Amino acid sequence: MKLKLKAGLIMISVALALVGCGAANDSTNKAAESPKADAVVSKAIEDIKTRGKFVVGVKYDTNLFGLKDPGTGEVNGFDIDIAKAIAKNILGDETKIELVEVTSKTRIPMLNNGDIDAIVATMTITEERKKEVDFTDVYFNAGQSLLVKKGSPIQSIADLKKGVKVLGVKGSTSVKNIAEKAPEATVLQFENYQDAFTALKAGQGDTLTTDNAILYGMTQQDPNYIMVGGNFTDEPYGIAVKKGETEFAKTINELLTSMKASGEYDKIYEKWLGEKPSK
Ligand code: GLU
């Protein structure tokens with residue numbers, strides 16, 4: 001009787017162990033049952049694969065990073081090439097991508113509304129933004145500076161005194177930073193960078209402020225404008241994904257690392273910025 005019971009218990013334990021093995025090999029069960037497994041499943045990547053398309057928020061107004069050519073309708077730039085590399089990595093084809101226009105103001109709400117899978121749009125990683133989205137590692141290092149017409153008396157932020165009009169873009173770190181660093185100046189905010197640049201050219205302001213890389217793109221569009229005063233902030237760019245999409249961010253980080261190792265990253269950088277990234 002005692003022996004029979006023991007044999008029965010052994011059989012039950014073997015059966016349970018086998019069931020356990022089955023569950024461990026079945027990833028759907030694992031994801032459903034184990035909270036730890038949940039953390040490694042990316043809803044964003046699953047959505048992209050089901051849809052067969054990576055829907056990404058990019059700028060349409062920023063020369064060298066994401067600029068729409070009104071003639072061809074094509075959008076090109078450094079950020080676009082990075083976004084294409086993500087599409088290729090996940091879907092095996094860089095053309096399986098849909099570019100959606102975002103501005104500095106609309107990009108976080110659009111990501112959190114589910115309009116886009118990620119933001120690749122000259123976006124600085126900040127503690128404040130980290131409360132709303134998750135960021136990848138830094139993929140570009142910029143710094144805030146000033147753009148003026150050649151011959152302007154403004155040469156640095158020290159010249160942004162009372163009465164000076166500074167142009168910037170809504171939702172950018174640039175307008176916040178300048179309000180702190182030059183509190184006496186008047187800041188006029190526009191919807192996007194092309195509008196701000198048009199306003200500068202029309203004499204509506206004395207200087208335009210944002211990241212050096214974006215201002216460099218403007219000097220390429222119109223050589224009558226130059227950058228002055230050096231960089232007065234650090235603007236490390238990250239790709240933003242929805243909060244909790246740790247696995248998606250990790251996948252992009254691994255891609256960035258491999259692009260840097262293979263030289264693909266440097267190639268893209270040089271294509272748009274005209275020089276190799278400084279190490
Ligand atoms: N990198 C800055 C930011 O994230 C300025 C560029 C932009 O407005 O996208 O706000």
Side-chain angles (χ1 to χ4, degrees), residues 56-68 75-83 99-112 115-116 118-147 157 160 166-182 187-200 205 207-221 225 227 229-243 249 252 269 272-273 277:
V56 57
V58 295
K59 293 287 186 74
Y60 276 23
D61 67 331
T62 306
N63 189 31
L64 307 181
F65 283 85
L67 184 70
K68 187 171 183 170
V75 186
N76 288 305
F78 179 86
D79 280 340
I80 312 301
D81 286 352
I82 297 290
L99 304 174
V100 175
E101 181 180 14
V102 297
T103 66
S104 306
K105 191 181 77 179
T106 64
R107 59 193 163 193
I108 290 180
M110 284 180 75
L111 177 67
N112 289 336
D115 298 333
I116 49 179
I119 303 167
V120 190
T122 65
M123 188 170 179
T124 301
I125 301 169
T126 68
E127 289 308 314
E128 206 181 327
R129 288 174 178 166
K130 275 191 200 166
K131 290 178 195 153
E132 296 182 90
V133 297
D134 280 353
F135 283 103
T136 62
D137 295 339
V138 177
Y139 74 98
F140 188 90
N141 277 304
Q144 188 171 345
S145 192
L146 300 171
L147 184 78
I157 45 168
L160 306 185
V166 184
L167 311 180
V169 166
K170 291 177 189 169
S172 66
T173 50
S174 330
V175 290
K176 278 198 169 170
N177 296 336
I178 206 71
E180 282 167 25
K181 304 216 179 250
V187 181
L188 302 178
Q189 300 188 36
F190 294 82
E191 294 299 326
N192 64 60
Y193 285 102
Q194 289 307 313
D195 284 358
F197 192 25
T198 303
L200 181 70
T207 177
L208 193 165
T209 189
T210 187
D211 303 335
N212 55 351
I214 299 176
L215 298 178
Y216 172 67
M218 291 175 180
T219 66
Q220 302 280 299
Q221 289 178 312
Y225 290 82
M227 251 190 285
N231 296 349
F232 49 87
T233 70
D234 287 328
E235 306 290 329
Y237 292 177
I239 293 161
V241 297
K242 265 194 182 166
K243 238 188 154 19
I252 300 173
Y269 193 105
W272 294 105
L273 281 306

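Just so it is clear, the model here is predicted, and its values are computed rather than measured. In this chain, numbering begins with 1 at the start of the sequence shown. Indexing begins at 1, ligand by ligand and atom by atom, following the structure's order.
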Electrostatic pair Lys243-Glu132, nearest N-O below 4.0 angstrom: no
Could you say whether the N/O atoms of Tyr237 and ligand 1 ever approach to under 3.5 Å? no
Close-contact set for ligand 1 against Lys59 heavy atoms, below 4.0 Å: 7 (C), 8 (O), 9 (O)
Checking Thr210 side chain against Ser174 main chain: does a donor-acceptor pair fall under 3.5 Å? no
Any chance you could measure Thr173, atom OG1, to Ile125, atom CD1, to the nearest 0.5 Å? 11.5 Å
For atom 5 (C) of ligand 1, what's the nearest protein heavy atom and its distance? Asp211 OD2, 3.2 Å
Taking N or O atoms only and a 3.5 Å limit, does Ser174 qualify as a polar contact for ligand 1? no
One finds that the ligand 1 atoms under 4.0 Å from a non-hydrogen atom of Thr210 are 5 (C), 6 (C)
Which atoms from ligand 1 have a heavy atom of Ile214 less than 4.0 Å away? 6 (C)
Close-contact set for ligand 1 against Arg129 heavy atoms, below 4.0 Å: 3 (C), 4 (O), 10 (O)
The atoms of ligand 1 lying under 4.0 Å from a heavy atom of Met123, numbered in the order shown, are 4 (O)
Does any non-hydrogen side-chain atom of Asn141 lie less than 4.5 Å from one of Asp234? no
Run the numbers for me: atoms of ligand 1, each under 4.0 Å from some heavy atom of Thr124, listed by number. 1 (N), 2 (C), 3 (C), 4 (O)
Are Glu101 and Lys68 within salt-bridge range, i.e. N to O under 4.0 Å? no
How does Val169 reach ligand 1, by side chain, by backbone, by both or by neither, if only non-hydrogen atoms under 4.0 Å count? neither
State the atoms of ligand 1, each with its element, that fall below the 4.0 Å cut-off from a heavy-atom position in Thr122. 1 (N), 2 (C), 3 (C), 4 (O), 6 (C), 7 (C), 9 (O)
Residue part near ligand 1, for Ser104, under 4.0 Å between non-hydrogen atoms: side chain
Minimum side-chain heavy-atom gap Met218-Phe197 below 4.5 Å: yes
Ligand 1 atoms in contact with Ala121 (distance to a heavy atom under 4.0 Å): 9 (O)
If I compare all heavy atoms of Tyr193 with all of Ser172, which pair ends up nearest, and what's the gap? OH-CB, 3.5 Å
Is there a donor-acceptor pair under 3.5 Å between the side chain of Asp211 and the backbone N or O of Ala213? no
What do we get for Thr62 next to ligand 1 when only non-hydrogen atoms under 4.0 Å count, side chain, backbone, both or neither? neither
Test log, rule side-chain contact (heavy atoms from CB on, under 4.5 Å), inputs Ile252 and Tyr139: CA-CA 10 Å; Ile252 300 173; Tyr139 74 98; over 6 Å; no
Using a 4.0 Å heavy-atom cut-off, say whether Arg107 meets ligand 1 through its side chain, its backbone, both or neither. side chain
Minimum-distance protein heavy atom relative to atom 10 (O) of ligand 1: Thr173 N, 2.8 Å
Say whether Tyr237 and Asp79, considering side chains only, have a donor N or O and an acceptor N or O under 3.5 Å apart. no
